[in-house]
Protein chains: 2
Amino acid sequence: MAATLKDVAKKVGIHPATVSRALNPNTAHLVNAATVIKVRKAAAALNYVPNPMAAGLRTSRSHTIGVVIPDLNNPVFPGMVRGIQDTLSRTGYTPLLVNTDNDPESEAHVIAALSARRVDGFILATARRDHPLLVELSEKFPIVLINRVSESVQLPSVSADDLHGIRLAVEHLYGLGHRSIAHIAGPAWSSSGHERSQAFSKAMRDHDLVPARRPVAVTAWSIESAREAALRLLNDDPTLTAIVAANDQIALGAIAAAKSMKRRCPRDLSVVGYNDMPLMDLVDPPLTTVRVPQHDIGAESARLMLSLLVEEGSTPIKQVRLTPELIIRSSTAPPRSAS
Amino acid sequence: MAATLKDVAKKVGIHPATVSRALNPNTAHLVNAATVIKVRKAAAALNYVPNPMAAGLRTSRSHTIGVVIPDLNNPVFPGMVRGIQDTLSRTGYTPLLVNTDNDPESEAHVIAALSARRVDGFILATARRDHPLLVELSEKFPIVLINRVSESVQLPSVSADDLHGIRLAVEHLYGLGHRSIAHIAGPAWSSSGHERSQAFSKAMRDHDLVPARRPVAVTAWSIESAREAALRLLNDDPTLTAIVAANDQIALGAIAAAKSMKRRCPRDLSVVGYNDMPLMDLVDPPLTTVRVPQHDIGAESARLMLSLLVEEGSTPIKQVRLTPELIIRSSTAPPRSAS
DNA sequence: CCTGTTATCGCAATCGATTGCAATAGGTGG
DNA sequence: CCACCTATTGCAATCGATTGCGATAACAGG
């Protein structure tokens, strides 16, 4: 059905190998400029499109990148995925997207499936603090981590500067007059959760504040889990006036928990989120949050991956940090005692 | 590096062709049961994974499905995409996901790119009422439409039963006492927008109500565009007490418009959305909306595609309609005159 | 005029799996 | 005991693009 190299060659009256070289920018200089023109014209006329399977078989490169995310339904990720898609597709690469639902077993499955597909590399948003699968995978494939970094192994990564982002949140609350500020951390296994938690402690120390006695963490990145954690936290320390949440859904859960305890946000409790995912300007109350450049993170990770693919191995490992930005809305206000 | 058929064959001491047959469920019956066992064991021992490019080259099937959606950032779509992914991956197929940003030109590009990748079929969420590209594409590929149906050409599709869904919305408002109900329709080119608009007119007639004098439609599926349309509508007809929106973002835009005119929802204006995308329970006010089974739509479309792929052409065109459900939250209330 | 380049292109092998066809062996019925 | 059938396996071509190597010709320098 579709035209092949041979068809183009026959039309021009030359050998398929020459056509191949003429059409490939890297080898076009090996063939007479005049015939390159003719080949291009014939290829266009025949509507020739190279067969990626044939090329891939020969070169053992699929021009395909596995993109592994926890869950596409989590609104943080579509932005990053778009960033990846947009920049990968511009260079002839195609992302293969899979979900893990934060389940390590499921992750192993999907990664095996992608390996079977012979992807050229992986972009992973699922790094855990302790991640054995990651180290063995990194020996076989180029890998770029997004949104999270791993402690098990040093790898190229792209993520927001959480130290800075969390500091923005703390300073905002401090500036409003809050002194009793707590953090609801992400799951213990999560690297981003851990990092933001550390960042919170540091920012608090820098303002001579002490975090809540007992640190609180959710068990999953979900609103429901956050609600429970927030309930514990608010019961533990009734003097609390502000919460820095490890991400937006945790903030949402905290607000819901406060509401169920008849504490209104922001009158009785200020809450700052993290990520600024879509619709955070329309929830009740509109969420003050730290915006991380989701699309940019994806785009940058794709660029990093592409550079990994051309340069053979021996480049220094690059860890990119993108600067987040505080978006002030209506979930934060001065504490009541100060008003 | 990776083991090939030949490696397995050598280990067992037989010909690669026999190994191929032994490993393929469709041809395994041609091979002695005992050697099938041996082959399986050897393959497992060598960690053999078939090379999809080699197989694809020979069979000219990539086991890959192009999934074309307008924009992954629109929260309606991730659910459907998950549905597609979940059921496709279970059968060894891989979705290739692309975005069009509702731009026909961009759509042509991404579809060309997917064709170049030799996808086995397309699942499209971008059908327009008038869609020339669709008819020529449908001659070369199996196609399943989701969420929208096209009038240009009869194709297999999976979507919500909009007639029923819109009726639920109208009946809900009618039951609350509303009589002056308007519809904000989707873009004119959109098939789902048109369909819901028709459904609205019918539901209104069935209740002996007349829609607003001048029908209003957005120019894009966006909150911003909806805000403008709603402003026009509310100025046009101040007696209006309720709006049925063609989707959730339009509902959100309508609520915002009302707010800017000092009309509060639901006290002064009731609004019903459509789709029930994520977070609609947390916006202000929590949105009454018609829930369409997003994951199911995706899953069903994938199943339909798979059936298209096995049965050679001559099956009757199947158009699946999934039943939506009304989710009553807080954006609807009895009209003020009735209270 | 001869040798050494350089530019251009053809040849043929190769990637790994699939599959029509042929070949072999063992078995059956007459 | 023979013709024939079936079960099982091997052979080799094939899918389409890539690429190392060799061939040819033109051309320059000596």
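The structure displayed is predicted, hence computed values, not measured ones.
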What integer distance in Å separates A:Met53:CE from C:dT14:P? 24 Å
Between A:His131 and A:Glu136: side-chain donor-acceptor atoms closer than 3.5 Å: no
5′-ward residue of the pair B:His29/A:Thr18 relative to DNA chain D: B:His29
Rounded to whole Å, how long is the line connecting atom CG of B:Asn32 with atom C1' of D:dT6? 13 Å
Of the options D:dG16, C:dT19, D:dG10, whose atoms approach the side-chain atoms of B:His15 most closely? D:dG10
Would you mind telling me which residue lines up with the more 5' stretch of DNA chain C, B:Pro52 or B:Arg21, judged by nearest nucleotide? B:Pro52
Distance in angstrom units between A:Asn51 CG and C:dC15 C1', rounded: 13 Å
How long is the line joining CG of A:Asp7 and P of D:dC15, in whole Å? 11 Å
Of the listed D:dT9, D:dA17, C:dA17, the closest approach to the B:Leu30 side chain comes from D:dT9
Side chain of B:Thr4 (C-beta onward), nearest among C:dG16, D:dA17, D:dC11: C:dG16
Measuring from the side chain of B:Leu57 (C-beta onward, heavy atoms only), which nucleotide among C:dG16, C:dA17, C:dC11 has the closest atom? C:dG16
So A:Ala55, base contact, sugar-phosphate only, or nothing? Heavy-atom distance under 4.0 Å. sugar-phosphate
Cation-pi geometry met for B:Arg128 and B:Trp189 (6.0 Å, 45°): yes
Taking NZ from B:Lys38 and P from D:dT8, how many angstroms apart are they, rounded to a whole number? 13 Å
Take the protein atom NZ of B:Lys6 and the nucleotide atom C1' of D:dA12, then report the distance between them rounded to whole Å. 13 Å
Using modelled atom types only, decide if a donor and an acceptor are shared between the side chain of A:Ser20 and the backbone of A:Pro16 within a distance under 3.5 Å. no
B:Ala17 has a side chain; which of C:dT19, D:dA17, C:dC11 sits nearest to it? C:dT19
Please work out if B:Thr27 contacts a base, only the sugar-phosphate, or nothing of the nucleic acid, heavy-atom cut-off 4.0 Å. nothing
Any base atoms under 4.0 Å from B:Thr35, or only sugar-phosphate, or nothing? Heavy atoms, all strands. sugar-phosphate
Toward the 5' end of DNA chain D, which comes first, B:Ala33 or B:Arg118, by nearest nucleotide? B:Ala33
Got B:Val31 and B:Thr18 here, is their nearest side-chain heavy-atom distance under 4.5 Å? yes
How many Å lie between CD1 on B:Ile14 and P on D:dT9, as a whole number? 7 Å
Any sub-3.5 Å donor-acceptor pair from A:Asp71's side-chain atoms to A:Asp101's backbone N or O? no
Whole-Å distance, A:Leu5 CG to D:dC15 C1', equals 13 Å
